[in-house]
Participant: 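Next up is a structure, given as structure tokens.
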Amino acid sequence: MTALIPIGIFAALGAVSGIALTVASKVFEVKEDKRIAEIGDTLPQANCGGCGYSGCADYAAAVVEKGAACNLCRPGGDAAAAKIAQIMGQEAQDVIELTAFVRCAGDCNSTEHKYIYDGIQSCAASNRYYSGSKLCTSGCLGYGDCVSACPNGAIQIKDRIAKVDQKKCIGCGLCATACPNKIISIRPATQVYEVYCVSRSNAKETRAVCPNGCVACRMCEKACPSGAIKVENNHAVIDYDLCTGCGECAKACRFGVIKEVR
Amino acid sequence: MSYIMIIVSCVFVNNIVLSQFMGICPFLGVSKQVKSSVGMGAAVIFVMVCATAVTYPIYLLLERFEITYLRTIAFILVIALFVQLVEMILKKKLPPLYRALGVYLPLITTNCAVLGVTIGNIDNDYTFTQSLTNAFGTGAAFTLALVLFSGVRARIEDCDFPETFKGVPATMIAAAIVSLSFMGFSGII
């Protein structure tokens, strides 16, 4: 009997609160576009921020209210993009998949070490000592900060140089942030040709430390029919938006710096 | 105890955040801008006063049936109700503030400052009007702490700290110093 009183009081309390909230939710109802909730349901709720908005809910609202593109969700892939396009009544577009690429070919067979580094095995740490142990100061440091940053195990250090497994890479960009020399680019997965060097030194200095370095001869620039490749800061850079993947630059490069990505 | 004494006591001497260390989470979370800290303070004042107005009679009811050991759960129920109400009202009337407060608004539900006020009213044997005064004063104290600290944080943003102290550590140290300054009020009443 004594247990019934508290149960009764709390049941009444709960009922009153419930009724009050129901009434309030009717009075203060905010009309939201139904499509926002629908899009929210199709998104994977990973809240990765890869689309450029702060979380899935924000992206769903941006699609409806600000007209953001339907194909920005990479974890959701083409399936999510197609569904969002359907909800918005637009034509479906495939998701532009991105992958990481290490713009360096200075492995242990090409560039020498100027000292034996025996400290903490991290790129950021070794970079403090005379810009890393390799002779080339712009390239891959080879201590695997990107390897530990990768959530998917897509990067391996082979011959003291980082190599991205293009099939495993999800294009999150965490490795690009972790790299102290910022040599990892996040590029469309369809991109075939890449420049394997980011040396900022002039031709003589670059060739002195690495036989695989870009000498900025501009042969690729002349060969490119679509004007997608430009020499900046003593190395060639591909504009992914303009590149058609014809491969003329790779043929024109006499030093084998521009190659197909495998 | 006169009403003025209650207000002075809870705003300065026993400041809920800076002397009793309750409600630290929104204190650090929402104090980035003066504007959102004022909005948060107003929401907390509303919840505290309303929750006190309802929990006081509920406590009398619980006392009547000698089940006061259930006060915590009853109080949290009432607080949650009012937080939900505030959330709905803000979403409807002030969407920018609703977005600025973000997750900290529903977190008022689990803010120990609100529960602390309602239980403190009972423990101090306040009358109904004294309880309401205490609730309002404590809410005002929370707002004062938040606004003061958002001013301090605006200064911190411009300072050139050593790399190690940037961000959260600098904020924590500043919070400790602001709290220290409120120790000057202790023992006045």
Side-chain angles (χ1 to χ4, degrees), chain A residues 1-37 40 45-49 52-66 68 120 122-125 127-128 145 177-178 180, chain B residues 29 32 36 43 46-47 50-106 108-109 114-115 118 163-164:
Chain A
M1 191 58 202
T2 44
L4 287 179
I5 297 168
I7 291 173
I9 289 175
F10 273 81
L13 211 59
V16 170
S17 312
I19 291 164
L21 278 182
T22 319
V23 172
S25 71
K26 284 276 179 281
V27 173
F28 295 107
E29 195 182 8
V30 180
K31 283 211 173 61
E32 258 185 359
D33 201 320
K34 268 184 192 165
R35 293 177 298 178
I36 295 179
Q45 301 301 331
N47 291 319
C48 63
Y53 297 93
S54 57
C56 293
D58 206 27
Y59 173 54
V63 170
V64 175
E65 284 162 8
K66 295 176 195 156
I120 302 163
S122 108
C123 302
N127 197 29
R128 293 277 163 89
D145 281 10
T177 322
Chain B
K32 279 189 189 119
S36 61
F46 177 80
V47 171
C50 292
T52 305
V54 177
T55 51
Y56 196 85
I58 284 180
Y59 186 76
L60 294 182
L61 188 75
L62 296 180
E63 220 170 22
R64 169 91 174 66
F65 293 102
E66 292 178 348
I67 46 169
T68 50
Y69 59 88
L70 286 171
R71 64 179 183 181
T72 309
I73 198 161
F75 288 6
I76 285 180
L77 186 73
V78 171
I79 292 165
L81 170 75
F82 282 107
V83 172
Q84 284 292 314
L85 278 176
V86 171
E87 206 177 341
M88 284 173 193
I89 295 168
L90 281 188
K91 202 172 180 185
K92 172 93 175 175
K93 304 283 179 195
L94 293 164
L97 182 63
Y98 176 77
R99 275 197 294 276
L101 294 179
V103 71
Y104 293 100
L105 189 56
I108 302 177
T109 316
V114 183
L115 188 66
T118 49
E163 195 64 40
T164 332

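Chain letters run A, B, ... following the sequence lines, proteins first, then strands; residues in each count from 1.
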Participant: If I take atom CZ from residue A/F28 and atom CG from residue B/L90, how far apart are they, to the nearest 0.5 angstrom?
Facilitator: 10.0 Å
Participant: With sequence neighbours excluded, what pairs up with B/A53 under the side-chain contact (heavy atoms from CB on, under 4.5 Å) test?
Facilitator: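 Applying side-chain contact (heavy atoms from CB on, under 4.5 Å) to B/A53 gives B/F128, B/L132.
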Participant: Which pair of non-hydrogen atoms, one from A/G14 and one from B/L77, has the smallest distance, and what is that distance?
Facilitator: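 Closest heavy-atom pair between A/G14 and B/L77: N-CD2, 4.1 Å.
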Participant: Heavy-atom count check: over 12 atoms from other residues, nucleotides or ligands less than 6.0 Å from A/I120 CD1?
Facilitator: no
Participant: Just give me the residue among B/V54, B/I58, B/L81 that pairs up with chain A most often, heavy atom to heavy atom, under 4.5 Å.
Facilitator: B/L81
Participant: Please state whether the side chain, the backbone, both or neither of B/I73 comes within less than 4.5 Å of a heavy atom of chain A.
Facilitator: both
Participant: Under 3.5 Å, which donor-acceptor pairs link chain A and chain B? Put them in a table for me, please.
Facilitator:
| from | atom 1 | to | atom 2 | distance (Å) |
| --- | --- | --- | --- | --- |
| A/E29 | O | B/K92 | NZ | 3.2 |

Participant: Please classify the contact of B/I67 with chain A as side chain, backbone, both or neither, using a heavy-atom distance under 4.5 Å.
Facilitator: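 When you check distances to chain A, only side chain atoms of B/I67 fall under 4.5 Å.
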Participant: Give, as side chain, backbone, both or neither, the part of B/I89 having an atom under 4.5 angstrom from any heavy atom of chain A.
Facilitator: both
Participant: Tell me, for A/I9 versus chain B, whether the close heavy atoms (under 4.5 Å) come from the side chain, the backbone, both or neither.
Facilitator: side chain
